[in-house]
Protein chains: 4
Amino acid sequence: MFFNINPSNGVPVYEQVSRQILFAVAAGGLASGEMIPSVREMARQLAINPNTVARAYRQLQDQEILETVRGEGMAVAKGARAKCKSVRTKLIREQIAQVLRAARQSQLSDEEIRKMVESELK
Amino acid sequence: MFFNINPSNGVPVYEQVSRQILFAVAAGGLASGEMIPSVREMARQLAINPNTVARAYRQLQDQEILETVRGEGMAVAKGARAKCKSVRTKLIREQIAQVLRAARQSQLSDEEIRKMVESELK
Amino acid sequence: MFFNINPSNGVPVYEQVSRQILFAVAAGGLASGEMIPSVREMARQLAINPNTVARAYRQLQDQEILETVRGEGMAVAKGARAKCKSVRTKLIREQIAQVLRAARQSQLSDEEIRKMVESELK
Amino acid sequence: MFFNINPSNGVPVYEQVSRQILFAVAAGGLASGEMIPSVREMARQLAINPNTVARAYRQLQDQEILETVRGEGMAVAKGARAKCKSVRTKLIREQIAQVLRAARQSQLSDEEIRKMVESELK
DNA sequence: GTGGTCTAGACCACG
DNA sequence: GTGGTCTAGACCACC
């Protein structure tokens, strides 16, 4: 697992964790049925509190992306990849929509917006 | 003033206020030298706490977009419009950059991103 | 608020809290827009830890039954009543289905099951 | 033995095992005196931990539903069938009572409850 | 004052 | 060993 956590980032740590797992599943780096590192192990690797990891895992469990295997740990649920892909797309889409709304509200023309996007895509 | 405030929105209320004033100036709806409603009046109209309005005004004052007129209240500063336009553009630019970073981190290709932007621009 | 918490009940405390709020909304005891007691206040009344209350509230917020009003507290979201009613019914329905499945799996006839239900309804 | 074990099910695995044996005896699928598979054999078949099977067997032994036969293994005890039937009934009865309590607490009328039960009985 | 996040440490049932 | 729950106490931004 190669996760980067930035604790002073505005984005909550548990969100960073769950999002990176979600993206990893969406990208195929974590397959259905595969076990993920235990709460304690992940906490140790990321140098954060186990409760924070547990919260991230719980969030994914609520979305049926992870499932607990009693006494063993947590595994990627079946059908998780499709779900993660769609969630990922929806997340990005929402963010884009939000920015574009702000941009328009501030009277930028579509052409100006496009130019900004292109210049940021480099 | 036709501002919409949404207190259960994620965005701090004082931010919503100051941003909407900033955008109004940038768009020419508020001209240099024009007086803006008093803290109390604005608070009454928006049904929010006067402290919150004061904070928004203070923030704009720090950016030299508003200025106090002794004994009268606050007015839009000289040169505010140009400043607001540039701030507005920088704000939007930053937001776009941030979203694009997130999109890339989640493994979307530039082409997919462009398509999403276009579809959201409708 | 007249909530009963039983900490040694099998059912997690945060679940008891969120369920009782959900039922109160479903029953009309808490109307949309109404503020609910603050995390700290509720924790004090129930003599439990604020974090536990916060978890219950968060759970309801994820279901869009509660919403946070910045700096003020949490309020019952609009449309919450209908949602609570349907969730409540679904919860009960699931439990009933589960029990009936168990009953049938253990070879009880429908008639015997009906008799048990009636006798328990007293 | 045709048992289904689901480790990500909420119900402890050892409970699932012991309950399914209990039901099998109650239903007559396992007669008094009949040997049941050894701990190891059962564990192999169900692909679970032998300790878990042992715990299930021990539980049934405590209820005098299974008994050890020196040097041979475990067998269904004399009088087990009647006992299993009564345990089974008690279990179901308790579950029904519990659900009905929950249903009432959530303000459903007896009539509504009956309707739900009937609809779930199909 | 409010909720939100994070840490720390404890206890539990389960396998 | 695993996850789940709960407590306690700290810090933050916001109103």
Side-chain angles (χ1 to χ4, degrees), chain A residues 5 7-17 35-43 46-58 60-61 66-75, chain B residues 5 7-17 43 46-56, chain C residues 5 7-17 35-43 46-58 60-61 66-75, chain D residues 5 7-17 43 46-56:
Chain A
I5 298 303
S8 44
N9 192 16
V11 184
V13 175
Y14 70 86
E15 261 294 327
Q16 297 183 44
V17 175
M35 301 295 291
I36 62 171
S38 79
V39 168
R40 291 160 170 95
E41 171 61 15
M42 181 66 95
L46 302 181
I48 61 180
N49 189 291
N51 279 327
T52 305
V53 177
R55 181 165 177 185
Y57 284 12
R58 197 187 322 131
L60 292 167
Q61 195 188 11
L66 295 183
E67 64 184 10
T68 75
V69 185
R70 314 235 350 162
E72 301 213 14
M74 304 195 78
Chain B
I5 299 302
S8 32
N9 191 15
V11 184
V13 175
Y14 74 87
E15 262 293 323
Q16 298 184 42
V17 174
L46 302 180
I48 63 181
N49 190 308
N51 284 328
T52 306
V53 177
R55 182 165 178 181
Chain C
I5 298 303
S8 45
N9 192 17
V11 185
V13 175
Y14 70 85
E15 260 294 327
Q16 298 183 44
V17 175
M35 301 294 292
I36 62 171
S38 78
V39 168
R40 291 158 169 98
E41 171 61 15
M42 183 66 95
L46 302 180
I48 61 180
N49 188 290
N51 279 327
T52 305
V53 177
R55 180 166 178 182
Y57 284 12
R58 195 187 323 132
L60 292 168
Q61 194 188 10
L66 295 183
E67 64 185 10
T68 76
V69 184
R70 315 234 350 165
E72 301 212 15
M74 304 194 78
Chain D
I5 299 302
S8 33
N9 192 16
V11 184
V13 175
Y14 73 88
E15 262 293 324
Q16 297 183 43
V17 174
L46 303 180
I48 63 181
N49 190 308
N51 284 328
T52 305
V53 177
R55 182 166 178 181

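All values reported here derive from a predicted model rather than from experimental measurement. Naming convention: chains lettered A, B, ... in sequence-line order (proteins, then strands); numbering from 1 in each chain.
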To check you understand the geometry: which heavy-atom pair defines the closest contact between [X] and [Y], and what is its length?
X       : Y       : result
C/Thr68 : B/Ser8  : O-CB, 2.8 Å
C/Ala56 : C/Tyr14 : CB-O, 3.4 Å
B/Gly10 : C/Arg70 : O-NH1, 2.5 Å

Starting from the 5' end of DNA chain E, give me the residue, A/Pro12 or D/Pro12, whose nearest nucleotide shows up first.
A/Pro12
Between C/Asn51 and D/Val13, which has a closest nucleotide on DNA chain E that is more 5'?
C/Asn51
Rounded to the nearest 0.5 Å, what separates atom [atom1] in [X] from atom [atom2] in [Y]?
X       : Y       : atom1 : atom2 : result
D/Gln16 : D/Thr52 : CD    : OG1   : 10.5 Å
C/Met35 : C/Leu66 : CE    : CG    : 10.0 Å
A/Arg55 : A/Arg58 : CZ    : CZ    : 7.0 Å

For DNA chain F, what string of dots and brackets results from 5' to 3' when Watson-Crick and G-U pairs need both distances under 3.5 Å, crossing pairs get [ ], and pairs with another strand get |?
||||||||||||||.
Can you pull the contact range of chain A along DNA chain F, 5' to 3', using atoms under 4.0 angstrom from its heavy atoms?
F/dG1 to F/dC6
Strictly below 4.0 Å, heavy-atom distances to any atom of DNA chain E: list the hits from residues 68-75 of chain C, or just say none.
C/Thr68, C/Gly71, C/Glu72, C/Gly73, C/Met74
Nearest-nucleotide check on DNA chain F, A/Glu41 vs C/Pro7; residue mapping nearer the 5' end is A/Glu41
The residue, C/Ala47 or B/Tyr14, whose nearest nucleotide of DNA chain F is more 5′ is C/Ala47
Using a 4.0 Å heavy-atom cut-off across all strands, classify A/Arg58 as base, sugar-phosphate, or nothing.
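No contact at all - A/Arg58 keeps every heavy atom at 4.0 Å or more from the nucleic acid.
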Answer with base, sugar-phosphate or nothing: what part of the nucleic acid does A/Gln61 contact at a heavy-atom distance below 4.0 Å?
sugar-phosphate
In the structure I gave you, are the side-chain heavy atoms of A/Met42 and A/Met74 within less than 4.5 Å of one another anywhere?
no
In the structure I gave you, are the side-chain heavy atoms of B/Val13 and B/Leu46 within less than 4.5 Å of one another anywhere?
no
Taking B/Asn49 for the side chain and B/Asn51 for the main chain, is one N or O donor matched with an acceptor at less than 3.5 Å?
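Yes; at least one donor-acceptor contact below 3.5 Å.
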Grab the CG-C1' distance between D/Asn49 and E/dC14 for me, whole Å please.
10 Å
